[in-house]
Amino acid sequence: MSSIPIITIVGVPNTGKSTLFNRLTGRRKALVHPQPGMTRDVFRMPIFLDGRPAFLQDSGGFFLDSADISAEINKRVLREAQRSDLVVFLCDGKRDILGYEKDLYLDIRRLNPRMITVINKVDDPERHVIPSSYYELKTELVDISAEHARGIETLKNIIVERMGEGYASEPPASSQSTRISILGKPNVGKSSLINRILNDDHLIVSPIPGTTRDSIDLSLSRNGQELILVDNAGIRKIQKVREDTESIAVIRAQKDIQAADMIILVLDLSRKIDQNDLFIAAQVLKSAKPVVIAANKWDLVSASKAPHLVEQNIRQRFHAFHFAPFHLVSAATGKNVFRLLDSSEQIHRTLHEGVRTARLNRVLSDIYSEKRLITSNGRTFKSKYASLESRRPFFIRLQTRYPDHLKAADEMFLKKRLTEKLDLWGIPIFIKVSASSRG
Ligand code: GDP
């Protein structure tokens with residue numbers, strides 16, 4: 001794929017795709033811009049958003065101008081949508097959503113969740129009521145009028161925002177694929193979990209060279225995303241590690257963690273949590289990488305234990321992982337194994353999308369009204385302005401009147417509420433407090 005992101009406008013006929021295309025490209029008439037390897041009916045043009053290049057393509061070129069969408073054309077649209085870095089799904093705000101339009105929307109969202117839903121033909125937002133059927137899509141709606149050039153700047157800003165830091169600043173590989181390390185002490189079932197995943201018929205797995213000389217990583221294509229399972233032999237001989245911190249095992253563990261974008265931490269429910277589990281967990285925590293907890297061998301204990309008590313018990317031992325999704329799994333029976341990948345995908349998506357500043361500030365203000373947070377100096381804590389400073393690690397900067405730190409318990413409360421309200425499951429949040437530049 002090109003390292004320049006591709007944005008595709010998708011919509012059923014007469015939603016105004018070419019008009020929007022022309023607005024965004026600043027052309028009066030869309031040009032047919034053939035690219036090598038593409039058939040000539042794809043409109044694709046380079047544009048600049050916020051000073052950065054992107055390709056804009058209009059699915060109108062390969063979408064028949066009639067409501068009769070043949071399977072072939074449908075497939076084409078879906079394929080283009082899937083390989084895009086962002087899909088702008090365009091609807092007509094002058095009518096309700098159509099049945100096949102909604103199906104197309106849901107199909108595309110499944111293939112590529114990086115999507116903006118745009119309601120066109122809203123010429124006068126004061127008086128125009130968007131049909132309620134669009135709200136059933138349960139997504140943010142951006143209203144514009146392509147014809148009258150209304151809302152175009154806002155849409156451009158949202159596009160840039162949604163492309164996020166991955167746009168231009170990050171190398172394409174890391175924004176396209178997520179590297180997952182499956183970690184845990186020996187015999188917790190790491191290899192069994194990997195085998196279970198590999199043997200699933202619904203997955204396309206291809207081997208790719210790993211980070212070390214003789215390792216092979218596994219690339220999984222799932223829901224339009226690439227997940228890479230990092231080949232690692234697991235952290236062996238942890239017992240020895242504690243005597244000799246320079247041992248190969250420690251270096252290896254750290255390397256496995258460093259090589260990954262996120263970690264699936266595997267525990268064995270048939271054995272007690274011990275120093276080895278805690279040691280690995282501490283390493284993972286230190287890395288600030290996203291984590292999913294897999295409590296494996298659930299088949300061995302499910303008859304005698306209640307799931308919520310098992311989870312409660314483990315969460316108590318690993319309280320620093322309060323943000324991590326937790327799954328009771330069994331590599332032996334396959335139970336819940338794919339939830340691990342679902343969670344990983346969700347984390348990948350969240351990291352890619354980030355959090356919009358307005359939403360972050362709104363949620364924070366809700367949290368402040370929920371509970372009075374206190375600083376180490378005994379003052380009430382409230383941020384005047386908050387922004388997401390980086391995503392890896394996930395750094396939120398809070399600007400306050402006095403740059404006092406929060407009391408530890410209140411900082412923990414704040415982080416937990418942010419995780420819940422912003423759906424940041426799996427991602428460790430870091431908070432930085434600084435004096436507001438606005439006085
Ligand atoms: P690794 O060292 O972490 O890679 O662990 P393995 O995958 O080699 O598994 C260690 C042992 O646990 C093997 O005998 C597996 O058959 C067994 N095992 C792994 N997962 C499960 C599970 O979910 N249930 C049961 N009953 N046994 C499991």
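Numbers for residues simply follow the sequence, beginning at 1. Both ligands and their constituent atoms are indexed starting at 1 by order of listing. These values consider heavy atoms only, across backbone and side chains, with no hydrogens, waters or symmetry-generated copies.
At most 12 non-hydrogen atoms from other residues, nucleotides or ligands lie less than 6.0 angstrom from NZ of K305. Applying the 6.0 Å contact sphere to NZ of K421 captures more than 12 heavy atoms from other residues, nucleotides or ligands. Atom CZ of R339 has 12 or fewer heavy atoms from other residues, nucleotides or ligands within 6.0 Å.
The distance from ligand 1 to the heavy atoms of L300 drops below 4.0 Å at these ligand atoms: 26 (N). Annotation for ligand 1: atoms under 4.0 Å from non-hydrogen atoms of A331 are 20 (N), 22 (C), 23 (O).
For atom 20 (N) of ligand 1, the closest non-hydrogen atom of the protein is N296 ND2, 3.1 Å. The protein atom (non-hydrogen) at minimum distance from atom 11 (C) of ligand 1 is K297 NZ, 3.9 Å. Here the heavy atom of the protein found nearest to atom 5 (O) of ligand 1 is G189 N, 3.0 Å. Looking at atom 16 (O) of ligand 1, its nearest protein heavy atom turns out to be S192 OG, 4.3 Å. At the top of the distance list for atom 24 (N) of ligand 1, counting protein heavy atoms only, stands D299 OD1, 2.7 Å.
In terms of polar-atom proximity, defined here as any N/O pair under 3.5 Å, P186 makes no such contact with ligand 1. Looking at ligand 1, you won't find any N or O of V329 less than 3.5 Å from one of its N or O atoms. At least one N or O atom of S191 sits closer than 3.5 Å to an N or O atom of ligand 1.
Salt bridge annotation for D277-K185: present, with a cationic side-chain nitrogen under 4.0 angstrom from a carboxylate oxygen. Between E345 and R222 there is a salt bridge, since at least one side-chain N of the basic residue sits less than 4.0 Å from a carboxylate O of the acidic one.
When atom types are taken as modelled, the side chain of S84 and the backbone of V87 share no donor-acceptor pair closer than 3.5 angstrom.
Listed by chain and residue number, R397 satisfy the side chain to side chain donor-acceptor pair (under 3.5 Å) test with S434 (two or more places apart in sequence, or in another chain). Qualifying side-chain contact (heavy atoms from CB on, under 4.5 Å) partners for E101, counting only residues two or more places apart in sequence or in other chains: V12, T15, F89, C91, R95, I97, L98, Y134.
Here the straight-line distance linking atom CG of L111 with atom CE of M115 works out to 9.5 Å at 0.5 Å rounding.
When all heavy atoms of V230 and A259 are compared, the closest pair comes out as CG2-O, 4.3 Å.
Contact annotation for N187 and ligand 1: heavy atoms of both the backbone and the side chain come within less than 4.0 Å of the ligand. Both the backbone and the side chain of V188 come within 4.0 Å of ligand 1, judged by heavy-atom distances. By the criterion of a heavy-atom distance under 4.0 Å, neither the backbone nor the side chain of V266 is placed next to ligand 1.
Evaluated by nearest non-hydrogen atom to atom 3 (O) of ligand 1, the leading choice among R196, K190, K185 is K190.
Atom 26 (N) of ligand 1 lies below 4.0 Å from at least one non-hydrogen atom of the protein.
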